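Okay, so here's the structure we're looking at.
Along the sequence shown, residues carry numbers from 1. These numbers were taken from a predicted model, which means no experiment stands behind them.
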Amino acid sequence: MASPRAITIIALSVALGLFFVFMGTIKLTPRLSRDAYNEMKRAYKSYVRALPMLKKMGVSSILLRKSIGAVEVACGIVMTLVPGRPKDVANFILLLLVLAVLFFHQLVGDPLKRYAHALVFGILLTCRLLIARQPEEQPPEKKILSVNGDEQPLIHEAALQKGKIKVS
């Protein structure tokens with residue numbers, strides 16, 4: 001049977017992965033929601049205007065929006081479908097993206113309601129990463145005492161296993 005820790009990691013991975021696939025797709029195409037797509041276009045134009053350094057580097061609002069959207073879709077797919085260490089890498093990349101998006105929202109002075117979802121999903125990404133990086137709990141090892149070549153469990157260990165402790 002799967003441990004509660006494993007179930008939590010799987011549930012968070014699938015939920016976060018699907019969310020980022022959805023949000024990345026909205027940034028890439030108007031097929032899911034034309035209104036949300038147009039809102040993303042407007043928002044990324046204001047981000048590039050607020051950071052003239054991006055313009056100097058040749059990064060347009062379209063390139064920024066599409067590159068962030070593509071990374072979100074790719075990492076979301078990895079979080080949803082790929083087992084093992086790549087999930088943690090995708091989790092970390094998405095966490096960096098969320099921090100960048102939160103920085104952009106603060107830079108342009110957006111109210112909290114415009115970026116609350118990014119804040120919540122950043123916290124969820126952090127929780128998933130922390131849970132995934134914790135070591136598995138191992139069952140306690142039995143301590144053995146060697147007497148005259150015979151191995152015997154320590155008295156207090158044997159008593160704990162029986163649920164009773166002998167007191168003399």
Side-chain angles (χ1 to χ4, degrees), residues 1-140:
M1 183 172 168
S3 70
R5 177 183 172 274
I7 292 170
T8 303
I9 291 171
I10 291 169
L12 279 172
S13 296
V14 170
L16 289 166
L18 291 176
F19 171 78
F20 281 102
V21 167
F22 177 72
M23 291 306 292
T25 304
I26 286 176
K27 289 178 178 89
L28 296 173
T29 180
R31 288 187 183 156
L32 292 179
S33 172
R34 185 165 300 283
D35 292 338
Y37 176 78
N38 289 333
E39 180 59 29
M40 291 290 178
K41 284 173 50 175
R42 185 209 56 77
Y44 277 85
K45 284 179 184 174
S46 67
Y47 300 156
V48 170
R49 263 186 266 125
L51 275 173
M53 174 183 66
L54 290 176
K55 217 37 161 179
K56 290 177 185 175
M57 293 172 32
V59 177
S60 67
S61 64
I62 296 169
L63 178 64
L64 182 64
R65 177 176 43 85
K66 290 194 178 210
S67 60
I68 288 177
V71 170
E72 284 180 349
V73 169
C75 289
I77 290 170
V78 169
M79 292 269 301
T80 305
L81 301 175
V82 178
R85 177 78 71 204
K87 278 186 195 266
D88 293 343
V89 174
N91 191 148
F92 185 72
I93 292 169
L94 287 171
L95 188 56
L96 292 177
L97 269 179
V98 166
L99 291 173
V101 168
L102 288 171
F103 171 74
F104 287 145
H105 281 291
Q106 285 295 309
L107 191 65
V108 298
D110 282 341
L112 178 62
K113 70 179 184 176
R114 300 233 341 135
Y115 62 89
H117 71 280
L119 195 57
V120 169
F121 281 93
I123 292 168
L124 287 173
L125 284 167
T126 303
C127 290
R128 190 225 162 265
L129 195 60
L130 290 174
I131 293 168
R133 301 308 307 154
Q134 285 181 342
E136 284 282 338
E137 284 188 21
Q138 302 294 328

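Nearest heavy atom pair, residue V21 against residue G76, reads CG2-C, 3.6 Å. L95 and T126 get closest at one heavy-atom pair: CD1-OG1, 3.4 Å. Across all non-hydrogen atoms, the minimal contact from A90 to C75 is CB-O, 3.7 Å. When every heavy atom of M79 is checked against every heavy atom of G17, the shortest pair comes out as CB-CA, 3.8 Å. Summarising the geometry of A132 relative to D88, their closest heavy-atom pair is CB-OD1, 3.6 Å, with the distance given to 0.1 Å. For the pair A50 and V108, the tightest heavy-atom approach, listed with the atom from each and the gap, is CB-CG1, 3.7 Å.
Annotation: side chain to side chain contact (heavy atoms under 4.5 Å, CB included) contacts of V82 (sequence neighbours excluded): V78, P86. The ring pair (Phe, Tyr, Trp, His ring centres under 6.0 Å) check on F19 picks up F121, with sequence neighbours excluded.
Distance check: L130 CG to N91 CG gives 9.0 Å after rounding to the nearest 0.5 Å. If you take CD1 on I9 and SG on C127, they are separated by 12.0 Å, rounding to the nearest 0.5 Å. We find the NZ-OG distance between K41 and S46 to be 14.0 Å, quoted to the nearest 0.5 Å. The distance from atom CG of L18 to atom OG1 of T80, rounded to the nearest 0.5 Å, is 4.5 Å. Here D35 contributes atom CG and M40 contributes atom CE; the two are 12.0 Å apart, rounded to the nearest 0.5 Å.
Side-chain atoms of V48 and L64, non-hydrogen and from C-beta on, do get closer than 4.5 Å to each other. Between R42 and N38, every side-chain heavy-atom pair lies at or beyond the 4.5 Å cut-off. Here the side chains of Y44 and I68 are in contact, with some heavy-atom distance below 4.5 Å.
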Checklist line | Steps toward side chain to side chain contact (heavy atoms under 4.5 Å, CB included) verdict (L51, M57) | finding: CA-CA 11 Å; L51 275 173; M57 293 172 32; over 6 Å; no
Check: R128 and S13: side chain to side chain contact (heavy atoms under 4.5 Å, CB included), yes or no, with the steps?
Finding: CA-CA 7 Å; R128 190 225 162 265; S13 296; 2.8 Å; yes
Next item on the list: Give the C-alpha distance, both sets of side-chain angles, the deciding distance and a yes or no for side chain to side chain contact (heavy atoms under 4.5 Å, CB included) between F20 and V98.
Entry: CA-CA 10 Å; F20 281 102; V98 166; 3.8 Å; yes
Atom pairs and distances, side-chain donor-acceptor, residues 112-120, under 3.5 Å, sequence neighbours left out:
residue : atom : partner : partner atom : Å
R114    : NH1  : E39     : OE2          : 2.8
R114    : NH2  : E39     : OE2          : 2.9
Y115    : OH   : Q106    : NE2          : 2.5

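In this structure, F22 places its CZ atom where only 12 or fewer heavy-atom neighbours from other residues, nucleotides or ligands lie under 6.0 Å away. Surrounding CZ of R5 are more than 12 heavy atoms belonging to other residues, nucleotides or ligands, all under 6.0 Å away. Heavy-atom neighbours of I7 CD1 from other residues, nucleotides or ligands within 6.0 Å: above the threshold of 12.
Not a single donor-acceptor pair under 3.5 Å links the side chain of T29 to the backbone N or O of T25.
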